[in-house]
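Quick notes on the structure that follows.
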Protein chains: 2
Amino acid sequence: MELKNTILQLFPKLSEANDANGINILEHCQQMTIPEGTIVFHQGDQCLNYLLIISGSVKVITRAENGREIVLYHITSGGSCVLTTSCLISSEDYPAEGVTETDILALAIPKPIFEKYMGESKAFRKQVFHSYGDRLIKLITLVEEISFAKLDIRLAKYLLTNGSVNTPIRTTHQALATELGSAREVISRQLKEFENKGWVQLNRGKIEITNHDALANLLPATH
Amino acid sequence: MELKNTILQLFPKLSEANDANGINILEHCQQMTIPEGTIVFHQGDQCLNYLLIISGSVKVITRAENGREIVLYHITSGGSCVLTTSCLISSEDYPAEGVTETDILALAIPKPIFEKYMGESKAFRKQVFHSYGDRLIKLITLVEEISFAKLDIRLAKYLLTNGSVNTPIRTTHQALATELGSAREVISRQLKEFENKGWVQLNRGKIEITNHDALANLLPATH
DNA sequence: ATACGTTAAGTGATAATGTCACTTAAAACG
DNA sequence: CGTTTTAAGTGACATTATCACTTAACGTAT
């Protein structure tokens, strides 16, 4: 089956050599498609499945009382929702909300199956732990960035990783502010500055990079 | 043995009823004491043990190039180092550094034993996952706080949770800045403001709370 | 007890970000 | 075509961070 191969490619740990159990997991789980813009979970929700994302992307955000939001991370193909997993095991309240950014195709492993394979398959455990460690490290990096890095640098970095000279970025200043944990006005002004310098060209809902190198020079030396 | 009881009390998951394996773990691991101020791990270190803290406290921080630091979290009695665990399994680079804040007593479970029990004991898995989820949630809360909460509120909260009218807080403004991810000068000014309002009394290395309620009123309503 | 070096805290100027209360402009839709 | 919606711009002001210092308190050795 095509799908099965895709899955095994995305989650190699499930197919590791001498671990026959891993593969069986696929027979006990359920495919699901979820449309864009769906709230997959919010604070306090309970969850009954371990979710693996096969295609599409989910963003996990937290919101302040005054409405400001910040994106904690994105889950894309090959990722799993560690918050969901965490709740699967310890059943605490979600401190965040998950929203699909595109239509997604996901694999839901029911709680009992999840627990069974956590016990039986070392490879599956590794897969799960890997997601956890990964997420933890990304979160720590986020803390580092929002506390220390200047906004122009973070913005430039975002622009460079999400667009290029030929492929404009389609997003709003508000979405960008959420992505970087800043305020819309601040992003607007910063972008305007970039535009004045001739580094980008702005249009409603679209940002075109016109000078890649100048933006890249803003970033700290690669390390 | 006294110690054994202490450990079982701190890590109840290790002693859950029908899970005999959990208890055996204790026979394969090693006690260790580490003096205050020791760097337990830094970026790039490799780690060979799963660490459980029995007494004392470790702070985990990350540092910017310009020297500014922020405390990510503390590990205290009953906690385990999830970063260490993460590295135990996936062997990525540490994005942070761990420093003992007091002398600590810890239990080191060697990697092979750790993996063995992860497979055999559901209770142990639960214990480990619980630490993970916990940490994840705390980190998300931290992101929320540093991006949204105002400094006076965060400072007031810190003062109230770490001291009271009769028990002064012994720390420096610099340490406080690190704890809250701010700059020393900013903390000094904010504290001075509190002092001017008669809410605290400042002395070198010591902060005394003189008006608990006023500080508490700064905090958002309990929820 | 005094002097000296070290660490903690204070200060003023300035830059960067965030917040508020709007206005203006572009797109979407009946 | 006019009316909503949604996106973006703006000025004034508040908060926080940074820089380049100064001042004060403490520990230690003479």
Side-chain angles (χ1 to χ4, degrees), chain A residues 37 62-71 142-159 168-197 200-208 218 220, chain B residues 37 62-71 142-159 168-197 200-208 218 220:
Chain A
T62 105
R63 212 191 305 276
E65 310 83 39
N66 69 357
R68 251 183 77 195
E69 295 175 353
I70 181 170
V71 173
L142 177 65
V143 170
E144 222 180 293
E145 284 193 344
I146 59 187
S147 6
F148 304 139
K150 300 224 302 192
L151 198 65
D152 53 352
I153 293 173
R154 298 213 292 138
L155 183 54
K157 188 172 165 193
Y158 181 91
L159 296 177
I169 299 164
R170 305 212 152 265
T171 186
T172 67
H173 297 185
Q174 179 57 68
L176 234 66
T178 297
E179 190 72 34
L180 301 178
S182 176
R184 180 187 56 79
E185 301 92 316
V186 178
I187 298 291
S188 288
R189 281 169 190 144
Q190 192 62 65
L191 281 172
K192 182 61 74 182
E193 231 180 85
F194 285 173
E195 189 177 43
N196 290 338
K197 288 177 177 165
V200 299
Q201 193 183 332
L202 304 177
N203 286 292
R204 178 183 243 243
K206 187 170 76 172
I207 303 168
E208 290 177 273
L218 224 53
Chain B
T62 120
R63 211 189 306 272
E65 310 82 40
N66 69 357
R68 251 183 77 196
E69 295 175 354
I70 182 170
V71 173
L142 178 64
V143 170
E144 223 180 294
E145 283 193 343
I146 57 187
S147 5
F148 304 138
K150 299 223 305 193
L151 198 67
D152 53 351
I153 293 173
R154 300 213 292 138
L155 182 54
K157 188 173 165 194
Y158 181 91
L159 296 178
I169 299 164
R170 304 212 154 264
T171 185
T172 67
H173 296 185
Q174 179 57 67
L176 235 65
T178 297
E179 189 72 36
L180 301 178
S182 177
R184 180 187 57 78
E185 301 93 315
V186 177
I187 298 291
S188 288
R189 281 168 190 145
Q190 192 63 63
L191 281 172
K192 183 59 73 181
E193 231 180 84
F194 285 172
E195 189 177 43
N196 290 340
K197 288 178 175 164
V200 300
Q201 194 184 331
L202 304 176
N203 286 292
R204 180 182 240 244
K206 185 170 76 168
I207 303 168
E208 290 178 271
L218 225 54

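Below, chains carry the letters A, B, ... as their sequence lines are ordered, and counting in each starts from 1.
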In this structure, how many angstroms lie between the [atom2] atom of [N] and the [atom1] atom of [X], rounded?
X: B:Arg154; N: D:dT15; atom1: CZ; atom2: C1'; result: 13 Å
X: B:Asn203; N: C:dT7; atom1: CG; atom2: C1'; result: 16 Å
X: B:Leu176; N: C:dA8; atom1: CG; atom2: P; result: 13 Å
X: B:Arg170; N: C:dA9; atom1: CZ; atom2: P; result: 12 Å
X: B:Leu191; N: C:dT11; atom1: CG; atom2: C1'; result: 15 Å
X: B:Phe148; N: D:dT16; atom1: CZ; atom2: C1'; result: 17 Å
X: B:Ile187; N: C:dT11; atom1: CD1; atom2: P; result: 16 Å
X: B:Ile146; N: C:dG18; atom1: CD1; atom2: P; result: 12 Å

For [X], give me all partners under side-chain hydrogen bond (donor to acceptor under 3.5 Å, both in side chains), at least two apart in sequence or on another chain.
X: B:Ser182; answer: none
X: A:Gln201; answer: none
X: B:Glu179; answer: B:His74
X: A:Glu193; answer: none

Using the test side chain to side chain contact (heavy atoms under 4.5 Å, CB included), find all partners of [X] that sit at least two apart in sequence or belong to another chain.
X: A:Lys192; value: A:Glu195, A:Asn196
X: B:Gln174; value: B:Thr172, B:Ala177, B:Thr178, B:Arg184
X: A:Thr62; value: A:Ile70, A:Leu72, A:Ala96, B:Ile140, B:Glu144, B:Phe148
X: B:Arg63; value: B:Ile61, B:Glu69, B:Glu97

Give the B/S/- string for nucleotides 25-30 of chain C, one per nucleotide from 5' to 3', where a protein heavy atom under 4.0 Å of the base yields B, of only the sugar-phosphate yields S, and otherwise -. BBS---

So the salt bridge (charged side-chain N to carboxylate O under 4.0 Å, His left out) pairs with at least one residue in residues 146-156 of chain A (sequence neighbours excluded) are none

Please report the interatomic distance CG(A:Leu180) to CD(A:Glu145), rounded to the nearest 0.5 Å. 8.5 Å

Mapping B:Gln174 and A:Leu151 onto DNA chain C by nearest heavy atom, which one lands closer to the 5' end? B:Gln174

Between A:Thr171 and B:Ala149, just flag the one whose closest nucleotide in DNA chain D comes earlier from the 5' side. A:Thr171

Pairs under 3.5 angstrom, nitrogen or oxygen only, protein versus nucleotides 9-11 of chain D, please.
residue	atom	partner	partner atom	Å
D:dG9	OP1	A:Lys192	NZ	3.2
D:dG9	N7	A:Arg184	NH1	3.1
D:dG9	O6	A:Arg184	NH2	2.8
D:dG11	N7	A:Arg189	NH2	3.0
D:dG11	O6	A:Arg189	NH2	2.8

What pairs of nitrogen or oxygen atoms, one from the protein and one from nucleotides 1-4 of chain C, lie under 3.5 Å apart?
none

Which heavy-atom pair separates B:Leu159 from B:Leu191 by the least distance, and what is that distance? CD1-CD2, 4.2 Å

Is there a side-chain contact between B:Ser182 and the phosphate of D:dA17, meaning an N or O under 4.0 Å from OP1 or OP2? yes

